[in-house]
Amino acid sequence: MLVGRPVRRREDERILRGEARYLDDVERPGVAHVAFVRSAYAHARARVNKNVAGGALLLLTADDLVGVQSLPVQGAEGVELLGPAHPVLARGEVGYVGQPLAAVVAETRALAEDAAELVEVEYEPLEPVLSPRSAPETLLRFARRTDGVDEAFAAAAHVVSERFELPRLVAAPIEARGAIAEAGPDGTLTVWISAQDPHRQRAGLSHVLGLEDDRIRVIVPEVGGAFGSKGVVCPETCATAVAALRLGRPVKWTEDRFENFLAAYQGRGLDADVELALDAEGRFLALRARLYADLGAYLLPTTAIPPHTAALLMTGCYTIPEAEVELVGARTNKVPTGPYRGAGRPEAAVLVEGIVDRAARELGVDRLELRRRNLIASDAFPYATPLGWTYDSGDYERCLDRAVELLGDVEPGGDDVLSGTGFAMYVERAGGLWESAEVRIEAGGRVVVASGSSPHGQGHATAFGQIVADRLGVDAADVEFVFGDSALVPRGVGTFASRSIAVGGSALARALDELQRRMDETGRRPLAEAAGLRAEARFESPLVFSSGCHAAAVEIDRRTGRLTIVRVVAVDDAGRIVNPLLAEGQVLGGVAQALGECLTEEAVVDENGQPRTATFADYSLLTAAEMPPVATAFVETPTPTNPLGAKGIGEGGAIGTLAAVANAVTDALGGRRIAPPYTERKLWAALH
Amino acid sequence: MTSITVTINGTAYEGDVEPRTLLSDFIRHDCGLTGTHVGCEHGVCGACTVQLDGEPIRSCLMLAVQANGRSLTTVEGLARDGELHPLQAAFRECHALQCGFCTPGFLMSIEPALRSGASLEEPAIRELLAGNLCRCTGYRGIVEAVELVLRDP
Ligand code: FES
Ligand code: FES
């Protein structure tokens, strides 16, 4: 059996030799380059002067986009969508600094950038809206409540409440975004995109351009990270496609880091009030939460998803019989938001685990004991939450026990140090929807797998290869994989929400089982006799819920306010693990992003809505020197909802750690909660 | 346009470049050596690291014309006789890469330190890596890869 073993990655050799091809490495003959004229104001009326600048081949403004739609908007169950969809190019009014106003095409990237700088824009500045609590317009609303919330609060022995704020973050994959579009003589379009999968990009382009999707081919080359931020089509890709159709030449957009900071959708950005009602024995009776999401100026296709997920996870790992959540998706003059690793789940974990710690402190109960009293029991699955989701499986107390054990005893620091520890449980919505896979046997018994799931660093081919090897008895290295090309892979959903193994892997397992059946039926064995046989499967799954418990020990230097994260523990239950090496890699990467969120990361705008964090020098990612020791462990409760028993591990690291550190910092501060990132300046101010 | 000749991985590349052309763009787009990546073009991420006369430099912070007549090594020049360099092999063994976009920069930054024969302990290894950003791995695998290659060169 290879499943369950730490098989080394088959992807690595090409990458290590520098042979992997990312978007900007794709060269097309006769390619021209596009650069964007972007809004200099957060909120203004704007008019582009259409004198084509010297050397430009084409200038596109909103006026030139007749027949081109705004980007599509995807709802989420029960969400009322109120705000405007994101236009490809701004018409008349701009809503955030960096919003594309015009696209300029020239022979080289440098010339396109020169020409874009020469385009004149007349602005009439308007007052920017920056706070989600006081924003006059809403982009979306969502509310859900059970019937007995008010009674439960009225009857409660204790009610605790807390305000939580989480800043906006930038996903910042080291490869920024980009696209190359090329029109065929028959009006078809081929688009290479640095993306999480081809199919959602194609659907988006089809909607925007009014072109049937079978006339668009999307190819996803190797991708230098995404973390949610390359999940759906973006305005710049659409404009690049329009430019290629107009010019009849391939057009390339290679985003630079500055643009990525200004215009790639951001994550998090939440301000919330949470209340918890408890009985005299410390049992949770009811929870109320009002969430103000700082959504930015427009709805992108997936803007609704993270705050909706946060709202529905507000009962966490606990039995809380009554709950009420209200989500206000505020329209602000900032770049729009969308999924960033965790996408609503870290927010929910910070809120739920924060209010539980607060309750423990106010009631004078041990925080671990209070959790144990209220955790959903391991024999209670499937468990229907009051907010309407059904958790499939888990053993929350075992995760908690393991985290306590791994954190071990924490030595108190010296006199100049405030020490704190924190624990956080989490539940992660993962999987869901469907995925596809096709397996065929070619001459000589070579196995070819085409999957609708699409890699960008996770190691799909390695993990999927283990599944194929076990089921067909072949050497994993001999299996060929096809990913990421809408012309070559079956229609799929894509890689997000930690769903590739649970849903994509299960589709593959089903296709392999079907292939075996056909081989038996036709008596064609071994594989060398089976050339020409093929099988396809589509696997549909309800949501699955990974879970875990993270813990952290921290120290704050009283004199400077400097936070040291002494160590972090991550215990995650993602069901059956296909490859523990890769799974741990996902956890460590997620933990590192969460620690960045704790220590340094925050997308900041000034009082005029001008971004103050637009380079890696002012939005700093953690380096190897700043990473504390991280202990990881897995608890494996297999899900009954798919043949692999797998849930999802792509996001857990990013979910639990932020909440654990937030609780540890609050502990060190004696119960006072401040918003991350926990910079020296903020902590010093809190102490003095 | 200025004519330049740069030796990369032992091969001479000639080109006509604008004076403002970055060395990273010359390597990638004029010479077609796309293993060197560009992550920020402002000198922070280290993805564009190559070696100039054996020393690691950020190719996005240098103009192509400044490299005229000099000798560069890029990630494509690391393997010997088709075999992965021990550092490359250690990266695979220790799961030191995910998306791989940062990887060539790390390899080119670390390799000179190995050549110098210095014996490094973990804090020093982490300092050595601190000039390069990786958004995927959390760095542990990279630290372990360096430890492995130091232990077992
Ligand atoms: S691209 Fe040169 S340091 Fe980032
Ligand atoms: S492996 Fe993706 S940035 Fe390092």
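Letters go in sequence order (proteins before strands), and every chain restarts at 1. The structure displayed is predicted, hence computed values, not measured ones.
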If we count only N and O atoms by modelled type, under 3.5 Å, do the side chains of [X] and [Y] hold a donor and an acceptor together?
| X | Y | value |
| --- | --- | --- |
| B:Asp16 | B:Thr2 | no |
| B:Thr21 | B:Glu18 | no |
| A:His550 | A:Thr657 | yes |

Keeping the roles fixed (side chain from [X], backbone from [Y]), state whether a donor-acceptor pair exists under 3.5 Å.
| X | Y | result |
| --- | --- | --- |
| B:Glu111 | B:Leu87 | no |
| A:Thr462 | A:Arg10 | yes |
| B:Asp81 | B:Glu83 | no |

Using heavy-atom distances under 4.5 Å, tell me whether [X] contacts chain A through its side chain, its backbone, both, or neither.
| X | answer |
| --- | --- |
| B:Leu78 | neither |
| B:Glu93 | both |
| B:Glu41 | side chain |
| B:Thr103 | side chain |
| B:Tyr139 | side chain |
| B:Arg140 | side chain |

So which residue, [options], ends up with the most heavy-atom pairs under 4.5 Å with chain B?
| options | value |
| --- | --- |
| A:Arg14, A:Glu222, A:Arg21 | A:Arg21 |
| A:Glu13, A:Glu19, A:Gln586, A:Glu11 | A:Glu13 |
| A:Ala176, A:Ala172, A:Pro173, A:Gly459 | A:Ala172 |
| A:Asp24, A:Leu581, A:Thr615, A:Ile15 | A:Asp24 |
| A:Thr254, A:Val587, A:Asn260, A:Leu621 | A:Leu621 |

What part of [X] is in contact with chain B, defined as an atom under 4.5 angstrom from a non-hydrogen atom: side chain, backbone, both or neither?
| X | value |
| --- | --- |
| A:Phe258 | neither |
| A:Leu582 | both |
| A:Glu584 | side chain |
| A:Val591 | neither |
| A:Arg8 | side chain |
| A:Ala110 | both |
| A:Ala226 | neither |

Discussion item. Taking the six-membered ring for Trp, are A:Phe616 and A:Phe261 closer than 6.0 Å centroid to centroid?
Written reply: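 Yes, the ring centres sit under 6.0 Å apart.
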Worksheet item: Would a line drawn from the ring center of A:Tyr22 to the ring center of B:His37 be shorter than 6.0 Å?
Response: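 Aromatic pair counts; centres sit under 6.0 Å.
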